[in-house]
Amino acid sequence: MYLPDYVRVCVDALEEAGFQAWAVGGCVRDAILGLTPNDYDLCTDARPDQTEEVFAGYGLILNGKKHGTVGVIVDKNVVEITTFRTEGDYRDNRHPEWVEFVPDIKQDLARRDYTVNAMAWSPKRGFADPFGGREDLSNHVLRAVGDPEKRFREDSLRILRGARFAVKYRLEPEAATEKAMTALAPLMDNLARERVWDELCKLILLADASDLLRFAPVVTQVIPELRPLMGFDQKNKHHIYDIYTHTARVVQGVPRELTLRWAALLHDIGKPASFTLGDDGQGHFYGHAAVSAEMADGVLRRLKAPTALRERVVLLIEKHMVWLEVSKSAIRRWISRLGPEAMDQLMTLQSADTGGKGTEDPAENPYFSGIRAIMDQIEAENACLTLKDLAVNGHDLMALGLKGREIGNALNRLLSLVLEDAVPNEKAALLAALQEDTI
């Protein structure tokens, strides 16, 4: 296994001081798969005080020292070095009652979550894999170390992490592990929302429709607003899937970008509450976009999502059922109102929503191609879309004698005229429009 120089410095320093040094966990897993690890964690039989002494000449991060972890800063990289340890019962599905340092790497690996993460490698001692993680990787199996129920009761976030590992590395949970993931999913209700948010973001960026369906019991546990969507028959000729399956297909249909993935995941959560059955036997969901937007806002606030992302997701969901007029003036107004990025995201979401019905191909719909063509034309023209793009500004209007609110009102009206192609975005023409009292 290749170790970068800054990691090898730490390994060599520990070994020269008479201690064992092992690369452990995700970096070993990724190396076996031929991937470049994002970071490298080491474990050792050195106690935290001894680790601190070995690296006395380096910058150290000691906030995890009481649990056995010392961060060592080498060439601006942080290497976390943790003493071999075993742990007592977990009082809150997250924190162990006690931590005991042990001399054996195998005892340390026994406390880890999944076999594929319970491997270690030492340049001096070779490969340690007491639970068959390498074989499970080869066979594409996700297996908890030891008793899966015990592993998940220790830290219930391991359930959500397991779903992510399965999706990322194309692993299939073995029977006992999958059964425990489903049965103990309610334990995730005790988790800090920030931890859930972080894992969910990683998961939905990776997931395809089949992944969201396979791990629906896990996903709907941490986002219970999705649960009513499962199996909900839309009773509508335009939809061949239940709402949750449709949602999963829409998620797959948008790029792997966080804002769009969240918008796709939550875009129809208001449908069950909006359902009505028409006299013709067709299901309708009048006003569901507004209901979904309000619910999505609540979900993202609860998960403590960044404000800018939350607001954009809510905007996209609120507008996803608005079908625009395919004309240059209309599209200019929408781009002016939403901004170019949000407009592009809205079209992407609408297209994926259409494709997710199972009855239409958005590529064959002239609505999408028409709007995209107009958007490309507007971008190529570097068109005036906002007040700052106008060929006049507040100073120009003040020179004409306008004051206070008159200036803002006049600028907004001029922008509307330009967007409607009624007046060209030229200073003389705009000022003439003012002087002719057309504002």
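Just so we're clear, the structure is a prediction, and the values are computed from it rather than from any experiment.
Here Ser210 pairs with nothing under the side-chain hydrogen bond (donor to acceptor under 3.5 Å, both in side chains) rule; sequence neighbours left out.
Between the CZ atom of Arg29 and the OG1 atom of Thr115 there is a distance of 11.0 Å, given to the nearest 0.5 Å. Here the CG atom belonging to Asp136 is positioned 11.5 Å from the NE2 atom belonging to His140, to the nearest 0.5 angstrom.
Counting non-hydrogen atoms of other residues, nucleotides and ligands closer than 6.0 Å to CG of Asp376 gives a total above 12.
Here the shortest heavy-atom pairing between Met1 and Cys27 reads CE-O, 3.5 Å. Residues Val145 and Ala118 share a closest heavy-atom pair of CG2-CB, 3.8 Å. Here the closest non-hydrogen pair linking Arg214 and Leu171 is NH1-O, 3.1 Å. Taking all atoms of both residues into account, the shortest heavy-atom contact from Thr220 to Arg227 is O-NH2, 3.0 Å. Scanning all heavy atoms of the two residues, the minimum distance from Phe55 to Cys10 falls at CZ-O, 3.6 Å.
The six-membered or imidazole ring of Phe131 lies away from that of Tyr114, with a centre-to-centre distance of 6.0 Å or more. With ring centers used as reference points, His267 lies 6.0 Å or more from His288. Not less than 6.0 angstrom separates the ring centroid of His238 from the ring centroid of His246.
Without hydrogens or angle criteria, Asp353 side chain to Leu349 main chain gives no donor-acceptor distance under 3.5 Å. Judged purely by atom type and a 3.5 angstrom limit, Asn139 uses its side chain to pair as donor or acceptor with the backbone of Glu135. Checking side-chain atoms of Gln252 against main-chain N and O of Ala209 turns up a donor-acceptor pair under 3.5 Å.
With a 4.5 Å cut-off on side-chain heavy atoms, Tyr244 and Leu213 count as touching. Using a 4.5 Å cut-off on side-chain heavy atoms (C-beta onward), Arg261 and Glu257 make no contact. At least one side-chain heavy atom of Leu266 sits under 4.5 Å from a side-chain heavy atom of Val299.
The one candidate from Asn393, Leu414, Leu411, Val392 that meets the side chain to side chain contact (heavy atoms under 4.5 Å, CB included) condition with Leu387 is Leu411.
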*Could you walk me through whether Asp104 and Phe84 pass the side-chain contact (heavy atoms from CB on, under 4.5 Å) check?*
CA-CA 7 Å; Asp104 184 8; Phe84 300 155; 5.7 Å; no
*Given Asp129 and Lys106, is the salt bridge (charged side-chain N to carboxylate O under 4.0 Å, His left out) satisfied, shown in steps?*
CA-CA 8 Å; Asp129 181 20; Lys106 292 182 180 180; over 6 Å; no
_Walk me through whether Lys202 and Asp198 qualify under salt bridge (charged side-chain N to carboxylate O under 4.0 Å, His left out)._
CA-CA 7 Å; Lys202 294 174 182 177; Asp198 183 59; 3.2 Å; yes
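Listed by first and then second residue, the ring-ring contact (aromatic ring centres under 6.0 Å, His included) pairs involving residues 365-385 are Trp323-Tyr367, Trp323-Phe368 (not counting sequence neighbours).
The residues Arg112 and Glu154 are annotated as not salt-bridged, no charged nitrogen and carboxylate oxygen being separated by less than 4.0 angstrom. Salt bridge status for Asp297 with Arg301: present, with a side-chain N to carboxylate O gap under 4.0 Å.
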